[in-house]
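Got a structure for you, written out below as structure tokens; questions coming shortly.
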Amino acid sequence: MMSTHELSEQEVIRRQSLQEIINLGIDPYPAALYPVNATAKHIHDNYKQGDEASFKDITIAGRLMGRRIMGKAAFAEILDATGRVQIYINRDEVCPGEDKTLYNTLFKKLLDIGDFIGITGYVFTTQTGETTVHATSFTLLSKSLHPLPVVKEKDGEVFDAFSDPEMRYRQRYVDLIVNPHVRDTFIKRSVMIKTIRDFLNEHGALEVDTPVLQNIPGGAAARPFITHHNALDVPFYLRIANELYLKRLIVGGFDFVYEFSRNFRNEGMDRTHNPEFTVLEFYVAYKDYYWMMEFTEKMMERVAVALHGTTEVQTGDNIISYKAPFKRVSIHQAIKEHTGFDVAAMDEDGLRGVCKELHIETDASMGKGKLIDEIFGAKCEGQYIQPTFIIDYPVELSPLTKKHREHAGLVERFELMINGKEMANAYSELNDPLEQRERFEEQAKLMERGDDEAMFIDHDFLRALEYGMPPTSGIGFGIDRIAMLMTNSPSIQDVLLFPQMRPEKVAEVKKEEEKA
RNA sequence: GAUUCCGUAGCUCAGCUGGUAGAGCAAUACACUUUUAAUGUAUGGGCCCUGGGUUCGAGUCCCAGCGGGAUCACCA
């Protein structure tokens with residue numbers, strides 16, 4: 001699989017072809033500016049049969065994806081950044097003189113699927129009705145030495161699809177070349193992020209960058225990656241969240257800040273978790289979590305329309321409606337609806353009884369809040385297919401959240417559930433520095449008891465709060481998960497260009513062993 | 001981390017109760033000037049993931065390892 005393995009027959013042949021091309025005096029890797037003036041998409045979208053006049057000096061470039069050679073003429077397919085277009089090459093047109101080498105030798109024998117070529121010519125429609133570029137000349141732009149999987153398609157049916165997940169993720173470049181839907185997914189992801197950024201900027205938000213390397217990994221309950229700075233001789237943590245830095249900026253006087261934050265968590269991997277992932281967090285001064293729900297609805301609706309032209313989006317077997325407003329259900333109501341138990345007034349023992357009846361495993365370290373969270377996670381979370389705000393969480397689970405203005409024991413927090421999964425987590429931010437210090441101290445006790453996900457005390461953050469933070473609402477969106485929803489992708493690996501995998505075993509190692 | 005399935009040609013896959021490896025596409029050669037999964041004829045191509053074991057004999061059975069998928073647990 002790696003470059004040092006013994007070359008396959010096809011690789012040997014391509015290297016020989018490369019040498020023959022050089023022997024013909026042709027540079028297989030020209031350092032050239034190639035004057036492309038059209039794309040496959042532009043041609044397909046704009047050419048109408050009979051409109052030869054505006055398509056007579058076309059120059060396109062791309063990867064050769066298929067050839068149908070019929071003696072003195074041939075059809076081929078070119079893939080550029082916008083898609084495929086068919087080209088037609090006639091021997092006597094690209095080789096008007098006696099010397100037919102360019103066609104007979106270079107085009108027919110020495111070129112391979114995967115090579116980059118440039119074509120000049122004009123657009124016409126074939127007898128079978130396909131828009132095609134009739135080549136008057138062609139140029140080799142880059143020779144390919146590695147055979148590409150040949151995926152064919154007819155009437156929407158795909159033959160010999162390049163489908164092995166391991167190869168697709170490890171060699172994403174190949175996946176992108178041969179699987180058009182993969183390219184489409186990542187274009188959609190990009191449009192989604194642009195739409196969100198535009199929406200935030202229109203509302204006066206300021207995009208900021210905060211540290212990835214942190215002395216204290218804060219803002220979430222998770223296991224961090226640890227690294228080391230040599231010059232300072234101190235450990236650093238890769239960030240698990242950027243929340244505490246964004247709030248420092250609210251203290252500093254910005255009133256609406258956001259960051260697309262690459263976060264890192266040293267935890268398990270599966271179809272919804274990658275060790276590094278993207279979270280959009282934003283914080284808005286003088287707002288509360290009710291305002292944030294309305295803002296979130298509008299943002300999600302905007303994203304759906306930008307990607308699909310409608311608020312109704314197919315995800316798996318479900319059609320999900322992003323039409324605002326979304327339902328709001330308190331976590332207590334949700335549990336009552338889906339289990340029949342009213343846990344609102346229960347104490348820890350009562351909750352343990354409920355867990356036992358529902359066959360939910362518990363352990364001694366779990367407090368009231370954690371038990372409620374367990375019940376919700378086991379019996380309710382998966383039920384919320386349509387976008388729903390689950391609101392008013394127990395205080396124990398939310399050390400950075402403001403206490404509820406009306407309900408004792410709860411905090412002003414919501415999670416946005418879509419397709420049975422949490423997509424966003426938001427709250428009215430705790431801005432009372434003394435209470436924040438107490439909450440941190442509770443976390444410190446948990447850490448002493450061996451909870452490796454409990455939060456560190458961040459003294460600088462407390463100092464910032466002591467200077468005063470206005471009432472603020474903040475939110476974090478799981479961008480990868482929203483991308484999964486919006487592109488109908490069942491696995492996070494399908495919305496990450498290079499999902500994390502075990503390092504590939506390299507052939508070099510084997511070679512070294514043989515020497516030794 | 002647990003369970004389970006998978007790993008055979010460049011790609012997608014067959015390969016039965018164990019008997020020394022097959023197809024389609026791709027490649028190579030020839031033919032063919034509007035084809036489109038182009039076609040026709042011929043040819044070549046395999047550390048059957050790795051290492052042990054059982055056996056006269058292992059792609060196939062057993063054990064261990066490596067890599068991946070799915071499900072579960074933790075989490076976003």
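Every chain is numbered from 1 and lettered A, B, ... according to where its sequence line falls, protein lines coming before strand lines.
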Picking from B:rC11, B:rA26, B:rU71, which would you name as closest to the side chain of A:Pro149?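 The answer is B:rC11, which lies nearest to the side chain.
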
Before accepting this row, confirm whether a basic side-chain N of the pair A:Asp112/A:Lys143 lies closer than 4.0 Å to the acidic partner's carboxylate O.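 Between A:Lys143 and A:Asp112 there is a salt bridge, with a charged N closer than 4.0 Å to a carboxylate O.
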
Could you work out, with side chain to side chain donor-acceptor pair (under 3.5 Å) as the rule, every residue matching A:Glu153, not counting sequence neighbours?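 Listed in chain order: nothing, the list is empty.
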
Mind checking A:Glu153 for me? I need base, sugar-phosphate or nothing, with any heavy atom below 4.0 Å counting as a touch.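 A:Glu153: backbone/sugar contact only, no base atoms under 4.0 Å.
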
Quick one: A:Met167 CE to B:rG67 C1', roughly how many Å, whole number?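 Taking atom C1' of B:rG67 as the reference, CE of A:Met167 is at 12 Å.
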
Please enumerate all residues that pass side chain to side chain donor-acceptor pair (under 3.5 Å) together with A:Asp99, with sequence neighbours excluded.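 Testing A:Asp99 for side chain to side chain donor-acceptor pair (under 3.5 Å), a comparison that skips the adjacent residues, returns A:Thr101.
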
How does protein contact run along nucleotides 28-34 of chain B, one letter per nucleotide 5' to 3', with B for base contact, S for sugar-phosphate only, - for none, heavy atoms under 4.0 Å? S-S-BBB

For A:Phe414, all residues meeting ring-ring contact (aromatic ring centres under 6.0 Å, His included), sequence neighbours excluded: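 In terms of ring-ring contact (aromatic ring centres under 6.0 Å, His included), with neighbours along the sequence ignored, A:Phe414 is linked to A:Phe389.
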
Using atom P in both nucleotides, what's the gap between B:rA26 and B:rC48 to the nearest angstrom?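 The answer is 26 Å between these two P atoms.
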
Could you work out, with salt bridge (Lys or Arg N to Asp or Glu O under 4.0 Å) as the rule, every residue matching A:Glu281, not counting sequence neighbours?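 By the salt bridge (Lys or Arg N to Asp or Glu O under 4.0 Å) rule, A:Glu281 matches no residue at all.
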
State the pairing partner of B:rU3; accept Watson-Crick or G-U wobble contacts with both distances under 3.5 Å, and report none otherwise.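 Checking every strand shown, B:rU3 finds its partner in B:rA70, with both distances under 3.5 Å.
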
Under a 3.5 Å cut-off for both distances, is B:rU17 Watson-Crick or wobble paired, and to whom?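 B:rU17 is unpaired by these criteria.
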
Measure the distance from CD on A:Glu281 to P on B:rA76 and round it to the nearest whole Å.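 In whole Å, B:rA76 P and A:Glu281 CD are 12 Å from each other.
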
Base-pairing assignment for B:rA76 (Watson-Crick or G-U wobble, both under 3.5 Å):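 The answer is none; no pair meets the criterion.
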
Nucleotide B:rG68, atom P - distance to CG of A:Asn274 in whole Å: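 Rounded to whole Å, this separation is 13 Å.
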
P spacing across the pair B:rG10 / B:rG45, given as an integer number of angstrom: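 To the nearest whole Å, 13 Å.
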
Please enumerate all residues that pass ring-ring contact (aromatic ring centres under 6.0 Å, His included) together with A:Tyr103, with sequence neighbours excluded.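 A:Tyr103 satisfies ring-ring contact (aromatic ring centres under 6.0 Å, His included) with A:Phe107 once adjacent residues are dropped.
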
Answer yes when A:Glu77 and A:Arg84 have at least one side-chain N-carboxylate O distance shorter than 4.0 Å, and no when they do not.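 Counted as a salt bridge, because a side-chain N and a carboxylate O are separated by less than 4.0 Å.
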
Contact under 4.0 Å: A:Arg14 side-chain N or O vs B:rG10 OP1/OP2: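 No, no such contact exists.
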
Using Watson-Crick or G-U wobble geometry with both distances below 3.5 Å, tell me the partner of B:rU39, or none.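 Check on B:rU39: paired to B:rA31, both distances under 3.5 Å.
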
Taking donor-acceptor contacts at under 3.5 Å, does the side chain of A:Asp270 reach the base of B:rC74?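 Such a pair is found, so the answer is yes.
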
B:rG51 and B:rG19: how far apart are their C1' atoms, nearest whole angstrom?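 Comparing C1' positions in B:rG51 and B:rG19 gives a spacing of 24 Å.
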
Rounded off to whole Å, could you give me the CD-to-P distance for the A:Glu374 and B:rC72 pair?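 So the CD-P distance, A:Glu374 to B:rC72, works out to 15 Å.
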
Taking atom P of B:rG10 as reference, at what distance in whole Å does atom CZ of A:Phe162 sit?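 About 13 Å, once rounded to whole Å.
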
Measure the distance from NZ on A:Lys370 to P on B:rA73 and round it to the nearest whole Å.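 So the two atoms are 13 Å apart, to the nearest Å.
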
Scan every strand shown for a Watson-Crick or G-U wobble partner of B:rG24, both distances under 3.5 Å, and answer none if you come up empty.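 In the structure as shown, B:rG24 has B:rC11 as its Watson-Crick or wobble partner.
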
With rounding to whole Å, what would you report as the distance between B:rA9 and B:rC5 at their P atoms?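 Roughly 23 Å separates the two P atoms.
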
Tell me, please, which residues at least two apart from A:Asp392 pass salt bridge (Lys or Arg N to Asp or Glu O under 4.0 Å).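 Listed in chain order: nothing, the list is empty.
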
Please list residues of residues 419-426 of chain A whose heavy atoms come under 4.0 Å from any atom in RNA chain B, ordered by number; otherwise none.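 RNA chain B contact set from residues 419-426 of chain A: A:Glu422.
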
Assigned partner base of B:rC48, Watson-Crick or wobble definition, under 3.5 Å: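 B:rC48 is paired with nothing.
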
Assign A:Lys100 to base, sugar-phosphate, or nothing according to its heavy-atom contacts below 4.0 angstrom with the strands shown.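 Touches nothing.
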
Length of the CG-P vector between A:Asp164 and B:rA70, whole Å: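 Atom-to-atom, A:Asp164 to B:rA70, this comes out as 12 Å.
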
Any chance you could measure A:Ile13, atom CD1, to A:Leu145, atom CG, to the nearest 0.5 Å?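 Output value for this atom pair is 12.5 Å.
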
With respect to the phosphate group of B:rC74, does any side-chain polar atom (N or O) of A:Arg265 fall under 4.0 Å of OP1 or OP2?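 No, A:Arg265 has no side-chain N/O under 4.0 Å of OP1/OP2 on B:rC74.
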
Distance check, C1' atoms only: B:rC61 and B:rC25, in whole angstrom units.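 Here B:rC61 and B:rC25 have their C1' atoms 33 Å from each other.
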
Taking ring-ring contact (aromatic ring centres under 6.0 Å, His included) as the definition, give me every residue that meets it alongside A:Phe116, ordered by chain and number, with sequence neighbours left out.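 Here no residue qualifies.
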
Could you measure between the two P atoms, the one in B:rG68 and the one in B:rU43, and give it in whole Å?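 These two P atoms come out 41 Å apart once rounded.
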
Centre-to-centre under 6.0 Å for A:His42 and A:Phe55, is that the case here?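 Aromatic pair counts; centres sit under 6.0 Å.
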
Note: A:Lys402-A:Glu412 ion pair, threshold 4.0 Å (strictly below):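 Here A:Lys402 does not pair with A:Glu412 in a salt bridge, since their nearest N and O are not under 4.0 Å apart.
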
With a 4.0 Å cutoff (strictly under), does any side-chain N or O of A:Lys152 reach OP1 or OP2 of B:rC11?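 Checking B:rC11 against A:Lys152, no side-chain N or O comes under 4.0 Å of OP1 or OP2.
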
Base, sugar-phosphate alone, or nothing: which one does A:Ala222 contact when heavy atoms must sit under 4.0 Å apart?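 Touches nothing.
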
Separation of A:Asp115 atom CG from B:rA26 atom C1', in whole Å?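 Going from CG in A:Asp115 over to C1' in B:rA26 covers 14 Å.
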
Which residues pass the salt bridge (Lys or Arg N to Asp or Glu O under 4.0 Å) test with A:Arg352, not counting sequence neighbours?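 In terms of salt bridge (Lys or Arg N to Asp or Glu O under 4.0 Å), with neighbours along the sequence ignored, A:Arg352 is linked to A:Glu348.
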
B:rG57: pairing nucleotide in any strand, Watson-Crick or G-U under 3.5 angstrom: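 Across any shown strand, B:rG57 pairs with none.
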
In whole Å, what separates the C1' atom of B:rC49 from that of B:rC56?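 The same atom, C1', in both gives a distance of 27 Å.
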
Choose from B:rC25, B:rA76, B:rA26 the nucleotide whose nearest atom is closest to any side-chain atom of A:Asp160.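 The answer is B:rC25.
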
Assign A:Asp373 to base, sugar-phosphate, or nothing according to its heavy-atom contacts below 4.0 angstrom with the strands shown.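 Contact class for A:Asp373: none.
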
Contact class for A:Gln86 (heavy atom, under 4.0 Å): base, sugar-phosphate, or nothing?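 Since a base atom lies under 4.0 Å of A:Gln86, the category is base.
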
From the list B:rU71, B:rG10, B:rG69, which nucleotide is the closest neighbour of the side chain of A:Pro147?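 Per side-chain heavy atoms of A:Pro147, the pick is B:rG10.
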
B:rA38, OP1 or OP2 - any side-chain N/O from A:Arg68 closer than 4.0 Å?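 A:Arg68 to B:rA38 OP1/OP2: side-chain N or O found under 4.0 Å.
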
Looking at A:Tyr393 versus A:Tyr427, is the centre-to-centre ring distance below 6.0 Å?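 They do not qualify: ring centres at least 6.0 Å apart.
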
All side chain to side chain contact (heavy atoms under 4.5 Å, CB included) counterparts of A:Glu374, not counting sequence neighbours: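 A:Glu374: side chain to side chain contact (heavy atoms under 4.5 Å, CB included) contacts with A:Ile360, A:Met366, A:Lys370.
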
Assign A:Phe159 to base, sugar-phosphate, or nothing according to its heavy-atom contacts below 4.0 angstrom with the strands shown.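 Contact class for A:Phe159: base.
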
Between B:rC32 and B:rA38, how far apart are the C1' atoms? Round to whole Å, please.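 My reading of the C1' atoms in B:rA38 and B:rC32 gives 11 Å.
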
Counting only non-hydrogen atoms, which of residues 489-502 of chain A are less than 4.0 Å from RNA chain B?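 Of all residues in residues 489-502 of chain A, the ones placing a heavy atom under 4.0 Å from RNA chain B are A:Gln493, A:Met501, A:Arg502.
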
